[in-house]
2 protein chains.
Amino acid sequence: MKYQEAKDKFILAWGSLGSSWGISRTMAQIHALLLISTTPLSTEDIMEELQISRGNANQNIRALMDWGLVEKQLKTGERKEYFVAGKDVWELAKQVAKERKKRELEPILKVLNQVQGVNGNTKEVKEFKEVTKNISDFAEQAESTLNLFINSKQNWLYKILSKIRS
Amino acid sequence: MKYQEAKDKFILAWGSLGSSWGISRTMAQIHALLLISTTPLSTEDIMEELQISRGNANQNIRALMDWGLVEKQLKTGERKEYFVAGKDVWELAKQVAKERKKRELEPILKVLNQVQGVNGNTKEVKEFKEVTKNISDFAEQAESTLNLFINSKQNWLYKILSKIRS
DNA sequence: CATAAGTTTCAATTATTATTGAAACTTTGT
DNA sequence: ACAAAGTTTCAATAATAATTGAAACTTATG
């Protein structure tokens, strides 16, 4: 397979994976491009490669920086800004987990706790409380596990897998 | 807090959580409604509660059945179809993990393997191979862990947490 | 087999989200 | 202070996804 073909395939696939991960298509494509790039890329490089507008490039690069997936890199003697993506896949996964926890898990946990305060004694209320309590317990477990993962220095999965299989 | 208020809050929150999980808003809302319902609901019940059209209700109910989150339940002597959601949160999580693995992880793994076949010796190609190989390894790890989870009979997280903390 | 009760499909519409492009803004060098 | 190089913003537009509603279809029953 030719390099160009492989590259395009990868960028496309990463983009569509992104869509189902709360990361917009273009954002994921820019990320993919930076992942496989051997050098930092400027906004123009990215516009050129992905055939997107300046505004689009700018906004998505900034979103990637918000997520902590991409960093700005200045070249001495140049005014242009260049961007690089961290290449450590574990760091990437941790960063994504962290952001999603903040954006998704925490809000639902808040609501689940709030609605526990429902009052009444009908079977509807009882069922409601039971279900939401179960979900809340589960979500808290998930949160605690995610924290373990996010804060782990080393390869967490390997450790767990070796333990659980022993 | 009143029951109606709590219910609405929960359904709304579940809906917006769904959006960031590849489960459309309405689909997640129907699921939420069935989760807290004490009895099986018909299509009409759902249309009524969520103020949605018949077509919308029908399609999303069917999607939920595809995901294995909702089951049809027939009442003897009635022609109408009723629906129930499983209330075991672990089963729910497992089911969602299973579907997402199938829909997202497996396709990207396929592409990652394909693009490993790129040829050339430039530093671009080397970098490309390295990055995609790392991602592929990670994804395989993730897959294997997900399988462990999906196939586990009992509460997997508890086990892991107790082990890793020991 | 004709009708009623219910379910499914899908073209048209509506709502949501992403993208463009040009103007406004910021920073640096002369 | 001005011009040049670069970045950011945002209203308008385009692309995508969800929803409606009515017609087509299916199934059970007298």
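Proteins get letters first, then strands, A, B, ... in listed order; numbering begins at 1 in each.
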Protein-nucleotide distance (A:E44, atom CD; D:dT8, atom P), rounded to Å: 13 Å
In residues 30-39 of chain B, what donor-acceptor pairs under 3.5 Å come from side-chain atoms, sequence neighbours left out?
from	atom 1	to	atom 2	distance (Å)
B:H31	ND1	B:W14	NE1	3.1
B:S37	OG	B:T39	N	3.2
B:S37	OG	B:T39	O	2.5

Contact nearer the 5' end of DNA chain D, comparing A:E81 with B:R79: A:E81
Base, backbone or nothing for each nucleotide of nucleotides 16-25 of chain D, written B, S, -, heavy atoms under 4.0 angstrom, 5' to 3'? --SSBB----
With a 4.0 Å heavy-atom cut-off, tell me which residues in residues 30-39 of chain B come close to DNA chain C, sorted by residue number. none
Separation of D:dT8 C1' from A:D66 CG (nearest whole Å): 14 Å
Mind checking side chain to side chain donor-acceptor pair (under 3.5 Å) for A:Q114 and listing every partner two or more places apart, or none if nothing turns up? B:K9
B:K75 NZ to D:dA28 P, in whole Å, measures 19 Å
If I take atom CD1 in residue A:I61 and atom C1' in nucleotide D:dT7, what distance separates them, rounded to the nearest angstrom? 10 Å
Show me the donor-acceptor pairs within less than 3.5 Å that the side chains of residues 122-131 of chain B make with the rest of the protein, sequence neighbours left out.
from	atom 1	to	atom 2	distance (Å)
B:T122	OG1	B:V125	N	3.2
B:E127	OE2	A:K87	NZ	2.5
B:K129	NZ	B:V118	O	3.3

Got B:F149 and B:K98 here, is their nearest side-chain heavy-atom distance under 4.5 Å? no
Grab the CD1-P distance between A:I46 and C:dT19 for me, whole Å please. 14 Å
Consider only side-chain heavy atoms of I, L, V, M, F, W and Y, link residues closer than 4.5 Å, and tell whether B:Y3 and A:V115 are in one cluster. yes
Applying side-chain hydrogen bond (donor to acceptor under 3.5 Å, both in side chains), which residue pairs with at least one partner in residues 44-55 of chain B are found, sequence neighbours left out? B:K7-B:E49, B:S42-B:D45, B:E44-B:R54
If you measure from the Lys or Arg side-chain nitrogens to the Asp or Glu carboxylate oxygens, is any gap between A:D66 and A:R62 under 4.0 Å? no
Roughly, in whole Å, what's the span from CZ in B:R62 to P in C:dG6? 18 Å
Pick one: which of B:L64, B:I61, B:L41 meets side-chain contact (heavy atoms from CB on, under 4.5 Å) with B:F83? B:I61
Could you tell me how far apart A:I23 (CD1) and C:dT17 (C1') are, to the nearest whole angstrom? 16 Å
Checking the side chain of B:S136 only, and the main-chain atoms of B:T132 only, is there a donor and an acceptor separated by less than 3.5 Å? no
Check the distance between C:dT20's P and A:N58's CG and give it to me in whole angstrom. 13 Å
